[in-house]
Novice: 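Sending over a structure as structure tokens; questions will come in a sec.
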2 protein chains.
Amino acid sequence: MTPEQTFGKPRQRAPSKRALATRERVLDAAEAVFADRGFDGATIRDIASEAGEPVGTIHHHGGGKEALFHLTVARRAAALSQARLDALARCRASGPLTLESLLSAFMRPFFDLSRDNPRWRHYARIVAFVSTDDRWRAIAAECFDPTAEIFLDEFLALRPDASRQQLAAGFVFSVSAMLALLTSQGRITALGHAPAPEADQVDHLVRYCAAGLAA
Amino acid sequence: MTPEQTFGKPRQRAPSKRALATRERVLDAAEAVFADRGFDGATIRDIASEAGEPVGTIHHHGGGKEALFHLTVARRAAALSQARLDALARCRASGPLTLESLLSAFMRPFFDLSRDNPRWRHYARIVAFVSTDDRWRAIAAECFDPTAEIFLDEFLALRPDASRQQLAAGFVFSVSAMLALLTSQGRITALGHAPAPEADQVDHLVRYCAAGLAA
DNA sequence: GTCTATATGTAGATAGAC
DNA sequence: GTCTATCTACATATAGAC
């Protein structure tokens, strides 16, 4: 409960439906442009034009370029974590965990969301560079590390013989392979001389990472 | 032999030693700054300041920001390819190839070069984002794809039962894991709650990828 | 909340002296 | 080849009308 809500006459009204819709459009546009051009390559003007809004509106809702980026990353992070934790719970309910089922719970929700909604594909590109650029370490730590720790603990429980350092490295390898599949489809197709259906590739990814982690 | 060299009086003399040294300093500085801030985040002025040269000199040797970036990526690409192919030849000379020895020939040279010369670490960061950003697809294709094709063909020969598409995907997964180890040491350490010696990690990486590719 | 107009800084690039 | 001074364009950000 925010301080304003504790009084009879809140100083700030709840945002109108229209304002909320504008805000979503701004974040969708920011997501698309950041995904396409990276943080430095993106401009507020590009985002405004993509959103069909004047430049001032972007600042009004975003509060500056860095804050807007942070909002963009954080917006879907909770939903992604929740989808992963739900998948983990379902996995556990249907029998003992295995390396494959655990990896599957971590990875498949992202692919499922991407298949249903192309905006999640933009988001995947952003996650890829947030995860690898030290500049966004704080954002990555806030948005992704808590869930990563939970899954890493599960891996540790499954493989009590391996050290936490080894499993952490294997987990990072696996995440980077997953992001490669989400973002580098073009390179895989070029090297393979032919495209492959994504569903098979996800199965392949899970098997690949499970075998790697088992090693 | 360039056209100029075919005449008695070449229009352009060979660059002086001093000019060559300046050029190297410019490229080293560009490499460091591009690695640290990405293409759009880097500025010609940052590079000039890092090189200890005036801004005009950067343009003189680089020929514009994009051309300078291209030069920076291409400079070490030939040496890297050669090191990999040499390692492959040595591998082959010392017995029949295996998945592990083949991966080792591809991956270890990069780590060896990085260990000996910190500039190769800057280069690794650049390779990481050139490899994943479609914007630099042409540069990546020119600098890295030829060697990748050679190694992929070797993988195909070792695993005739697998499809080229599957192996291409596995190869891209492996490369992304390698780049993760070269660039995301911080994240691995944070998740692992402790640092690990890099030599062990490279062994681990090779085992991880070999197991994944075998699956 | 929304939009226009503008302030201020800094980017990439180049012309021309040395 | 090297370096200074400068041009032009466009970036972020904001002030203030509606």
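By convention in this document, chain letters (A, B, ...) are assigned in the order of the sequence lines, proteins followed by strands, and residues within each chain are numbered from 1.
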Novice: Taking the six-membered ring for Trp and the single ring otherwise, decide whether the centroids of A:F155 and A:F171 are under 6.0 Å apart.
Specialist: yes
Novice: For the pair made of CD in A:E53 and P in C:dT4, what is the distance, rounded to whole Å?
Specialist: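 These atoms are roughly 10 Å apart.
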Novice: Do the ring centers of B:W136 and B:F129 come within less than 6.0 Å of each other?
Specialist: no
Novice: Do nucleotides 12-18 of chain C as a string where each nucleotide becomes B, S or -: B if the base has a protein heavy atom under 4.0 Å, S if just the sugar-phosphate does, - if no protein is that close.
Specialist: BBB----
Novice: Mind checking whether B:F34 and B:F39 have ring centres under 6.0 Å apart?
Specialist: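 They qualify: ring centres under 6.0 Å apart.
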Novice: For B:R37 and A:D40, run salt bridge (charged side-chain N to carboxylate O under 4.0 Å, His left out): C-alpha distance rounded to whole Å, both residues' side-chain angles, the deciding distance at 0.1 Å, then the answer.
Specialist: CA-CA 9 Å; B:R37 312 218 237 285; A:D40 293 301; over 6 Å; no
Novice: Where along residues 18-36 of chain B does a heavy atom come under 4.0 Å from DNA chain C, residue by residue in number order?
Specialist: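 Contacting residues: none.
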Novice: When you check the side-chain N and O atoms of A:S174 and B:Y208, is any donor under 3.5 Å from an acceptor?
Specialist: yes
Novice: Hey, are B:T43 and B:D46 close enough side-chain-wise for a donor-acceptor pair under 3.5 Å?
Specialist: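 Note: B:D46 and B:T43 side chains meet the donor-acceptor criterion.
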Novice: Check this for me: does any side-chain nitrogen of one of B:E31 and B:R119 sit under 4.0 Å from a carboxylate oxygen of the other?
Specialist: no
Novice: With the threshold set at 4.0 Å, does a side-chain nitrogen-carboxylate oxygen contact exist between A:D28 and A:R25?
Specialist: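 No, no charged N to carboxylate O under 4.0 Å.
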